[in-house]
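Letters A, B, ... are given to chains in the order of the sequence lines, protein chains preceding strands, and every chain is numbered from 1.
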2 protein chains.
Amino acid sequence: MEQRAAGRRTPLNRARVLHAAVALADEAGIDAVSMRRLAEELGVVPMALYKHVANKDELLDGMVDVVLGEIEPVEPDGRELHWTDAVRQRVLSARRAVLRHRWARQAIESRTHRTPVVLGHMDAVAGMFRAGGCSVDLTHHVMHALGNRIWGFSPELFDEPPSDPAGPGPTAEEQEAMVREFGRRFPHVLEIATVATEGDLSAVGQGCDEQFEFEFALDLLLDGADRLRRQGWRSRDRAGAPPTI
Amino acid sequence: MEQRAAGRRTPLNRARVLHAAVALADEAGIDAVSMRRLAEELGVVPMALYKHVANKDELLDGMVDVVLGEIEPVEPDGRELHWTDAVRQRVLSARRAVLRHRWARQAIESRTHRTPVVLGHMDAVAGMFRAGGCSVDLTHHVMHALGNRIWGFSPELFDEPPSDPAGPGPTAEEQEAMVREFGRRFPHVLEIATVATEGDLSAVGQGCDEQFEFEFALDLLLDGADRLRRQGWRSRDRAGAPPTI
DNA sequence: GGCCGTTGGTGTACGCCGTACACCGCAGAT
DNA sequence: ATCTGCGGTGTACGGCGTACACCAACGGCC
């Protein structure tokens, strides 16, 4: 009888608000998430939301919590994992969660609040370093080095340069002239773009293989960390990694 | 005679607008930089700015360009530098520029546009990798791994948790209870905080030694890159760094 | 059954924001 | 003397977050 005959809607609560916000961001982008638009989506007046979240900042925090809540714990799996593989698994799971929600990267980057969910993820990762034999000291600094990668994304230098949707674009020879001029000013960027697109410069802008870049950096850092661990690195030693070999 | 007797102000131009915006952000924070506020600062009506910047996004781009313009080139210095030291110098110069303007980190992170100034910095860094003997392939992936560090800042997991300015705060025993509860839920985060503050947990929140963390990560990545270079790493090898040693 | 405090949704209003669009004064070229 | 266009103006629109006063329904209590 809690549904009350005709059209008494089920009351709002914090979870419903947050999940509606996530759904809205998923389908209309993070910019579409305004208190007014979200309220409309829930069939309610904007001020009603403030009974469930303190303000917009807290709404964003809650949305990030929802995403981070999708991270799957690393299950022990019978045989032992090397600690770097355990971290790798958890970070890649975080990555899948973030990729599921395209707005999440930007939202996480803009947050400045440590919610319990956020602390929980950091604690879980730190625990894996410790279980692998890293000192507290090393764990601390390596987590800093991982930076945003702990949340499953790289700080992208840039997202896609949106191909301008106006007209048929420049002619082939205009395009070639532009490439030449570009190469005169930025030769090293051009050669990278050439190699990355395997010579098809018209494919510039569809971006790099982000998953590869992410795993490359992750492994570079984890391998470096493991090497420091084996050397018994302590931060008083100063200087990132000593000149081994 | 361009000053025109009494109080005909010197006309606006793009550079004046950008530098006024930078100055405003420096002293009042990036949030204070609105078209209206900036116009007021320049003694002009808001719409006047639009004769010099296309819109607010372009204004932000221009402000970032101003900051990046403060990066000092690495001078050859007589004796040869190892390539990692050259990169290190340039990146640390970029860091000094970014630190000079506290809003710059956030502004850079939010940008999605590659201005010529931005491309110029990337090109300069890529050129140092190449001069050091890195392949185009390796240069590409390592620059991705460096991520935001190329601009001179780490993706901070979090900035300071602002000590709440209300009242005298909790009593000592309340505080101890909070720490105990925190440690129950986030034991690994707590031990890191304990070590980082050298036991003085009341100092939590004044943050880590960011400069140390930055250089630690930078050196870890550059050393890893140099090791890969010496090994003749190619991206078809897959997997960040092979299990050397 | 009658009261009453609490919880959750409402309505109005304020002060910001970015920016579209029409306008206009003035300098320099014709 | 007239034209042209650049740079500054004024007005207006639609959006935003949220403070504050209000009110309907409900649960617990006598």
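- If you take CG of L38(A) and P of dG9(C), they are 13 Å apart, rounded to a whole angstrom.
- Which of dC17(C), dT10(C), dG17(D) sits closest to the side chain of S34(B) comes down to dC17(C).
- Comparing dG11(C), dG9(C), dT9(D) by their nearest atom to the side chain of V44(A) picks out dG9(C).
- A salt bridge between R37(A) and E41(A) is present, with a side-chain N of the basic residue lying under 4.0 Å from a carboxylate O of the acidic one.
- Residue-to-nucleotide proximity on DNA chain C shows that, of D31(B) and V45(A), the 5′-proximal contact is made by V45(A).
- Nucleotide dC17(C) holds its P atom 11 Å from the OH atom of Y50(B), rounded to whole Å.
- Distance L42(A) CG to dG8(C) C1': 14 Å, rounded to the nearest Å.
- For the pair E40(B) CD and dC16(C) C1', the computed distance is 13 Å after rounding to whole Å.
- Checked for salt-bridge contact, R96(A) and E70(A) miss the test: no charged N lies under 4.0 Å from a carboxylate O.
- The side chain of M47(B) lies closest to dT9(D) when the candidates are dT9(D), dG9(C), dG17(D).
- What separates CE of M35(B) from P of dT11(D) is a distance of 20 Å, to the nearest Å.
- In terms of polar N and O atoms assigned as donor or acceptor, the side chain of R36(A) never comes within less than 3.5 Å of the base of dG15(D) in a complementary pairing.
- Ring geometry, H141(A) versus F216(B): the interplanar angle falls from 30° to 60°, so the pair is classed tilted.
- In this structure, K56(B) atom NZ and dC16(D) atom C1' are separated by 13 Å, rounded to whole Å.
- Between R36(A) and E40(A), no side-chain nitrogen of the basic residue sits less than 4.0 Å from a carboxylate oxygen of the acidic one, so the salt-bridge criterion is not met.
- What separates CG of L59(B) from C1' of dG18(C) is a distance of 12 Å, to the nearest Å.
- Checking the phosphate oxygens (OP1, OP2) of dC6(D), no side-chain nitrogen or oxygen of H52(B) falls inside 4.0 Å.
- In this model, no donor atom of one side chain and acceptor atom of the other lie less than 3.5 Å apart for T115(A) and D61(A).
- What separates CZ of R14(A) from C1' of dT7(C) is a distance of 17 Å, to the nearest Å.
- Of the two residues near DNA chain D, V33(A) and L49(B), the one whose nearest nucleotide lies more 5' is L49(B).
- K51(A) has no side-chain polar atom (N or O) that falls below the 4.0 Å cut-off from OP1 or OP2 of dG9(C).
- For P46(B), the listed nucleotide lying nearest its side chain is dT19(C); candidates were dG8(D), dC20(D), dT19(C).
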